[in-house]
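As the structure is a computational prediction, the values presented were derived from the model and not from experiment.
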Amino acid sequence: MPLPHRILLLTDDAALARLLPPQLEREGFALRVAAGAVPAEEGAILLDAALPPGPEANLAALGSGRPVLVLGGGVPPPGAAAWVPKPLRLAALVPRLRACLAAFEASPEAAIPLGPFRFHFAARLLTTLEGARIRLTETEAAILAYLHRANGRAVPREELLGEVWGYSAAVATHTLETHVYRLRRKLGEAAELLRREEGGYRIA
């Protein structure tokens with residue numbers, strides 16, 4: 001079963017922070033709540049328009065490169081991927097959230113922080129601030145993406161085989177180990193980012 005998308009909710013509304021997480025978790029999202037505009041590695045950010053100092057200032061402060069949905073307010077400010085009016089209706093929020101995530105993940109410009117790298121999943125590329133570029137195979141990119149979404153959890157080999165390859169009797173564990181070995185070589189000095197744990201692997 002695919003891992004849930006990690007979502008960050010930025011709000012100081014106690015009722016919203018209490019009620020929205022369980023509702024979105026039932027829809028297959030893993031929601032974290034914060035009261036300040038802080039950078040995050042989540043799949044998307046839900047930004048409460050009522051959070052001081054305002055959506056425009058908070059969007060500028062985020063600078064995360066992640067899709068941002070503004071909850072409430074009038075029109076979506078520049079930099080927002082979408083806008084959902086209040087009072088929130090799950091039937092309106094969930095489709096827009098899924099559409100934003102799908103568009104983001106399909107964009108070659110989309111990048112998520114991963115150790116010293118920016119991980120461009122759709123482009124199968126790792127980049128550094130110094131301008132270095134590491135090309136990945138489709139399988140290597142899928143391994144990194146799945147481990148990233150595991151949020152530091154050690155993922156068992158069988159789970160990775162099933163999610164990345166679609167496990168069958170023809171796929172052996174050494175297939176995964178070979179790909180991880182090659183991926184760690186590409187990471188170079190940052191190879192410890194991809195750690196082998198008892199029974200599986202995780203992103204440090």
Identify the two heavy atoms, one from [X] and one from [Y], that lie closest to each other, and give their separation to 0.1 Å.
| X | Y | result |
| --- | --- | --- |
| L193 | G115 | CD1-CA, 3.9 Å |
| R157 | G200 | NH1-N, 3.7 Å |
| C100 | A81 | SG-CB, 3.7 Å |
| P77 | L59 | CG-CD1, 3.4 Å |

Measuring from atom [atom1] of [X] to atom [atom2] of [Y], what distance do you get when rounded to the nearest 0.5 angstrom?
| X | Y | atom1 | atom2 | result |
| --- | --- | --- | --- | --- |
| L129 | R118 | CG | CZ | 8.5 Å |
| R96 | L71 | CZ | CG | 10.5 Å |
| L46 | T11 | CG | OG1 | 10.0 Å |
| L114 | L144 | CG | CG | 6.0 Å |
| L24 | L93 | CG | CG | 5.5 Å |

Given side chains that start at C-beta, do those of [X] and [Y] come closer than 4.5 Å, heavy atoms only?
| X | Y | result |
| --- | --- | --- |
| T128 | P116 | no |
| L183 | T139 | no |
| F117 | T127 | no |
| I45 | P67 | no |
| L9 | L47 | no |
| L176 | V164 | no |
| R133 | H120 | no |

Applying the 4.5 Å side-chain criterion to the ILVMFWY set and letting contacts propagate, would [X] and [Y] be lumped into a single cluster?
| X | Y | result |
| --- | --- | --- |
| L31 | L90 | yes |
| V33 | F29 | yes |
| I143 | L125 | no |

Check salt bridge (Lys or Arg N to Asp or Glu O under 4.0 Å) between [X] and all other residues, then give those that pass, not counting sequence neighbours.
| X | answer |
| --- | --- |
| E197 | R202 |
| E27 | R98 |
| R135 | none |

**Q.** H179: ring-ring contact (aromatic ring centres under 6.0 Å, His included) partners, not counting sequence neighbours
**A.**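 Residues passing ring-ring contact (aromatic ring centres under 6.0 Å, His included) with H179: W165.
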Q: Please list, chain by chain and in numerical order, all residues satisfying side chain to side chain contact (heavy atoms under 4.5 Å, CB included) with A141, sequence neighbours excluded.
A: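 With neighbours one apart ignored, the set is F119, F121, R124, L136.
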(Q) Run L194 and V180 through side-chain contact (heavy atoms from CB on, under 4.5 Å) and show every step you take. (A) CA-CA 8 Å; L194 178 51; V180 169; 3.8 Å; yes
Q | side-chain hydrogen bond (donor to acceptor under 3.5 Å, both in side chains) partners of E189, counting only residues at least two apart | A |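 Listed in chain order: nothing, the list is empty.
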Look at the side chain of [X] and the backbone N and O of [Y], then say whether any donor-acceptor pair between them is shorter than 3.5 Å.
| X | Y | value |
| --- | --- | --- |
| R6 | H148 | yes |
| W83 | G73 | yes |
| R195 | Y201 | no |
| N58 | L51 | yes |

Q) Any ion pair linking E140 and K186 (charged N to carboxylate O, less than 4.0 Å)? A)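 A salt bridge links K186 with E140.
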Q) Does the pair E159/R153 count as a salt bridge with the N-to-O cut at 4.0 Å? A)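 Looking at E159 and R153, the cut-off is met.
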Q: Check the pair I203 / Y146 against side-chain contact (heavy atoms from CB on, under 4.5 Å), numbers first and verdict last.
A: CA-CA 10 Å; I203 295 290; Y146 193 80; over 6 Å; no
